[in-house]
Colleague: 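What follows is a structure written as structure tokens; I'll ask about it next.
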Amino acid sequence: MSEHAVDRRDFIFRVGTGAGIAAIAYQASASLRSLVPNVSYDAPTTVKLGPVAEFPDGLKFLPDERLFVFREGNTFHAISAVCTHLGCTARAEALSSPETQQVGGKALRLTHRFQCPCHGSKYNGDGSNVSGPAPKPLAWYHLSLASDDGQLVADLAREVEHDFRLTV
Ligand code: FES
């Protein structure tokens, strides 16, 4: 066999081997890449709640967000309806006569209190737990106005102190 034929066979063998290795590497990287999602499936933590004008004075309950939004004039605050015991949705009960209390060092007009239907936890109108198995107060969430359309926005990942008020 000529030296030329051996070189040629060796060359074809090397090209074939190289192509095989490249194909395997490509498949492996494609398989690994398929394990990493292109999008985040985390729920967004900020939600638009609607135009300010759609919130009457007093309480508006938003079932999708499980949120109580309170308005007093131009001031807003939001309290979670998620019971701190095992996560049932607490219900609001109107007080027979609203009362003003110092909450977080600021006066707050309390118009409701909350009760959990699952195991009977009770909360004051500021969300503080008063009886039942609930281990801590209902969360207060940060509110703001959307820069694009002025809607009320709640950040459900951002708990705030009980002195938080949004004034619009
Ligand atoms: S989940 Fe609310 S009291 Fe148990």
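Both counts, for ligands and for their atoms, begin at 1 and track the order of listing. Every heavy atom of this structure was used, including side-chain atoms; hydrogens, water molecules and symmetry mates were not. Fair warning: this is a prediction, and the values are worked out from it, not measured in the lab. Each residue takes its place number in the sequence, starting with 1.
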Colleague: Would you say V153 and F164 are hydrophobically clustered, going by side-chain heavy atoms of ILVMFWY under 4.5 Å?
Modeller: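 Not linked; separate clusters.
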Colleague: The criterion is salt bridge (Lys or Arg N to Asp or Glu O under 4.0 Å); which residues satisfy it with E93, sequence neighbours excluded?
Modeller: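 R113.
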Colleague: Among residues two or more places apart or on two chains, list those pairs meeting disulfide bond (SG atoms under 2.5 Å apart) that have a residue in residues 80-116.
Modeller: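 For residues 80-116, and leaving out neighbouring residues, the disulfide bond (SG atoms under 2.5 Å apart) pairs sorted by first residue read C88-C118.
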Colleague: Residues in side-chain contact (heavy atoms from CB on, under 4.5 Å) with A139, at least two apart?
Modeller: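 A139 satisfies side-chain contact (heavy atoms from CB on, under 4.5 Å) with S80, Y141, E159 once adjacent residues are dropped.
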Colleague: Check Y123, F61, F68 against F114 for a ring pair (Phe, Tyr, Trp, His ring centres under 6.0 Å) and give me the one that passes.
Modeller: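 Running ring pair (Phe, Tyr, Trp, His ring centres under 6.0 Å) over Y123, F61, F68 with F114 returns exactly one hit, F68.
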Colleague: Determine whether more than 12 heavy atoms belonging to other residues, nucleotides or ligands lie under 6.0 Å from atom CZ of R109.
Modeller: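 No, not enclosed.
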Colleague: Leaving waters out, which protein N, O or S atoms fall under 2.8 Å from atom 4 (Fe) of ligand 1?
Modeller: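 Counting only protein N, O or S atoms under 2.8 Å from atom 4 (Fe) of ligand 1, the list reads H85 ND1, H119 ND1.
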